[in-house]
Amino acid sequence: MRTSDMQAEIRELNLAYLMLAQQMLREDRAVAIYRLGVGEDVAEMLEGLSSAQILRMASSNMLLCQFRFNDTLLVDLLSAHGKERGAAHLHAAILAAGRPVETLA
């Protein structure tokens, strides 16, 4: 993949993420904060972004979203394919909820 193609993909992902985050925050703030894994201050900032600000942020050459987990236990639970898939996803949600949210500084 060429660098320009990768940057275009990152820009598209960033734009989709920011638009989804705003929509989620406007519909149900508490659930959105949990699902996005952000703090109250970041949620307020995201919710207040104008369309122009979203486009500028999306144009960054770095991903604005990130995985909320960095250990194999959560990855294993979320990727479960057996009969207990629902229980594994619920267990993963409980584990993720117990971790502190990331905030942008």
* To do: State which residues pass side-chain hydrogen bond (donor to acceptor under 3.5 Å, both in side chains) with S50; sequence neighbours excluded, sorted by chain then number.
  => Q53

* Is atom CE of M6 surrounded by more than 12 heavy atoms (other residues, nucleotides or ligands) closer than 6.0 Å? -> yes

* Pairing residues for D5 by the side chain to side chain contact (heavy atoms under 4.5 Å, CB included) criterion, not counting sequence neighbours -> M1, R2

* Structure fact -> Separation between CG (L36) and CE (M24), nearest 0.5 Å, reads 4.0 Å

* How long is the gap from CZ on R11 to CG on L15, to the nearest 0.5 Å? -> 10.0 Å

* To do: Going by the side-chain contact (heavy atoms from CB on, under 4.5 Å) test, name the single residue among V31, L20, V42, I33 that passes it with L25.
  => I33

* State the CG-CZ distance between L18 and R56, to the nearest 0.5 angstrom. => 12.0 Å

* **Pairs satisfying side chain to side chain donor-acceptor pair (under 3.5 Å), at least one member in residues 17-32, at least two apart** => Q23-E27, R29-E40, R29-E47

* **For the student: nearest non-hydrogen atoms of L64 and N14, plus distance** => N-OD1, 2.9 Å

* **From E12 atom CD to I10 atom CD1, the distance as rounded to the nearest 0.5 Å** => 11.5 Å

* **Heavy-atom neighbours of Q7 CD exceed 12 at 6.0 Å** => yes

